[in-house]
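In what follows, a structure is listed as structure tokens, so that the remarks can point back to it.
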Amino acid sequence: MTEFPPAEIWAEEEVPQISVTSDLSDEGKRADAFLAEKTELTRTAAARLCEGGQVLLSGKPVAKNYRLRAGDTLSFEVPEPELSEIRPQPIPLDILYEDDDILVVNKPEGMVVHPAPGNPDGTLVNALMYHCRDSLSGVGGVIRPGIVHRIDKDTGGLLVVAKNDAAHLALAADIREHKVRRMYQAIALGNFREDAGTVDAPIGRHPTDRKRMAVIRDEKRRSREAVTHWQVAERFGNATHIRCELETGRTHQIRVHMAYIGHPLLGDPLYGGDRNGMAGRYRDLICGQCLFASRLELTHPKTGEPMRFEAPLPENFEKLLQRMRKDSDLC
């Protein structure tokens, strides 16, 4: 029997039953609006789950227009899209390398990796299905064919895709054993006191905001080991260009760890990346967090050949660095 890797290797995110509890500030809100605010669901998706009887309050289905009371706990499981809903789409791909076993792609910022509620199409998976036809691994399940690891929607950069199950299993094992190197470039707020360091802090789902992750040290709450190494590339006084390397691959890992040490990523909407109005000052050059997966090092799953891939920083990222250099020179 083939031994598949743990889900976190390819998804980097759990798919648990989700529960969210209202407080005094939520009283009177509609159930669908509350779920859209507190989870990753869109309001339309939340309404559909309510209409289908899949959102429960005290074990009973709740209507989408139910008005919340403080202390109400709504729970649901996010249904995965059916296979028939996942369709190939002729979306252009920036492919750095491809053979019969793997494909390395430079994902643009703004593109979701795989279909999910609120993002049923237009994803990297839809583009890969069109480009690769039937040549994608099935280990990740019907909505994640070929996906060994992933990056956030507003993070651009390099991903390796498996075109068959053998390649997928080998790459997943290498990621699990820290044999795949994933390097990122980012702009963080503030001036780091040291030139390099490591954040070793476990990450889990935020206890009250389901859209966020957090450093969780409470043994009663579920979390996973997370280690990020960082190094200063350039200082701008009130912001710092850094390079990060992942030792583990948790959801939002770099974003959470940088915020945890007091240096959220510039423009990060979830983790405080608009401190002192910095994001607004450079709004024309940023979309979400300033983070890019710039380098990927791996061993080819079939030939055993060491491989290294690098992608140039996006044009807007380069322009942002240039403007920040100019601004820091004026100070």
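Because only heavy atoms are used, hydrogens play no part in the values below, and waters and symmetry mates are left out as well, while side chains stay in.
The closest donor-acceptor contact from the side chain of Thr21 to the backbone of Gly71 lies at 3.5 Å or more, if one exists at all. Proximity of a side-chain donor or acceptor of Arg133 to a complementary backbone N or O of Tyr130 within less than 3.5 Å is detected. A donor-acceptor pair under 3.5 Å is formed between the side chain of Ser22 and the backbone N or O of Arg69. Remark: the backbone N or O of Gly122 is paired with a side-chain donor or acceptor of Gln89 at under 3.5 angstrom.
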Could you tabulate the donor-acceptor pairs under 3.5 Å formed by side-chain atoms of residues 187-203, not counting sequence neighbours?
residue, atom, partner, partner atom, Å
Asn191, OD1, Arg235, NH1, 2.6
Asp195, OD1, Arg235, NH2, 2.7
Thr198, OG1, His229, ND1, 2.8

Kindly list each side-chain donor-acceptor pair under 3.5 angstrom involving residues 284-292, sequence neighbours excluded, with atom names and distances?
residue, atom, partner, partner atom, Å
Asp284, OD1, Arg323, NH1, 3.2
Asp284, OD2, Arg323, NH2, 2.8
Gln289, NE2, Thr155, OG1, 3.0

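With sequence neighbours left out, the salt bridge (Lys or Arg N to Asp or Glu O under 4.0 Å) criterion links Glu315 to Lys319. Listed by chain and number, the residues in a side-chain hydrogen bond (donor to acceptor under 3.5 Å, both in side chains) with Arg212 amount to none (sequence neighbours excluded). The side chain to side chain contact (heavy atoms under 4.5 Å, CB included) test applied to Lys38 returns Val20, Asp26, Phe34, not counting sequence neighbours. Partners of Asp152 under the side-chain hydrogen bond (donor to acceptor under 3.5 Å, both in side chains) rule, at least two apart in sequence or in another chain, are Arg255.
Using modelled atom types, one finds no donor on one side chain facing an acceptor on the other under 3.5 Å when comparing Thr73 with Ser19. Side chain to side chain, Tyr282 and Asn316 fail the donor-acceptor criterion of an N or O pair below 3.5 Å. Inspection of the Gln253 and Thr228 side chains reveals an N or O donor paired with an N or O acceptor under 3.5 Å. Side-chain atoms of Asp99 and His300 form a donor-acceptor pair, as typed in the model, at a separation below 3.5 Å.
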Discussion item. Evaluate Glu27 against Lys29 for salt bridge (Lys or Arg N to Asp or Glu O under 4.0 Å), listing each step before the verdict.
Written reply: CA-CA 6 Å; Glu27 281 200 350; Lys29 292 180 181 177; over 6 Å; no

Practice prompt. List the steps and the verdict of salt bridge (Lys or Arg N to Asp or Glu O under 4.0 Å) for Asp121 and Arg87.
Written response: CA-CA 8 Å; Asp121 55 22; Arg87 58 191 179 93; 3.3 Å; yes

Worksheet item: Passes salt bridge (Lys or Arg N to Asp or Glu O under 4.0 Å), Asp32 versus Arg43? Steps please.
Response: CA-CA 6 Å; Asp32 54 356; Arg43 184 160 177 173; 3.6 Å; yes

Discussion item. Checking Arg182 against Glu245 for the salt bridge (Lys or Arg N to Asp or Glu O under 4.0 Å) test, could you report, in this order, the C-alpha distance in whole Å, the side-chain angles of both residues, the deciding distance, and whether it holds?
Written reply: CA-CA 6 Å; Arg182 291 165 288 171; Glu245 180 172 355; over 6 Å; no

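One finds the CZ atom of Phe317 at 8.5 Å from the OG atom of Ser294 (value rounded to the nearest 0.5 Å). Distance CD/Gln185 to CG/Leu321: 8.0 Å, rounded to 0.5 Å.
Side-chain heavy atoms closer than 4.5 Å link hydrophobic residues (I, L, V, M, F, W, Y) into clusters, and following such links, even through other members, never connects Leu313 to Val104. Hydrophobic clustering (side-chain heavy atoms under 4.5 Å, transitive across Ile, Leu, Val, Met, Phe, Trp, Tyr) groups Val215 together with Trp230.
Here the closest non-hydrogen pair linking Phe76 and Gln54 is CB-O, 3.4 Å. Minimum interatomic distance between Val113 and Ile151 (heavy atoms only, all atoms of both residues): CG2-O, 3.3 Å.
The number of heavy atoms from other shown groups lying within 6.0 Å of OH (Tyr97) is above 12. For Asp134, the CG atom counts as loosely surrounded, since its 6.0 Å shell holds 12 or fewer non-hydrogen atoms of other residues, nucleotides or ligands.
Using a 4.0 Å cut-off between a side-chain N of Lys or Arg and a carboxylate O of Asp or Glu, Arg250 and Glu225 do not qualify as a salt bridge. Salt-bridge formation is detected for the pair Glu51/Lys64: a Lys NZ or Arg NE/NH1/NH2 atom is positioned less than 4.0 Å from an Asp or Glu carboxylate oxygen.
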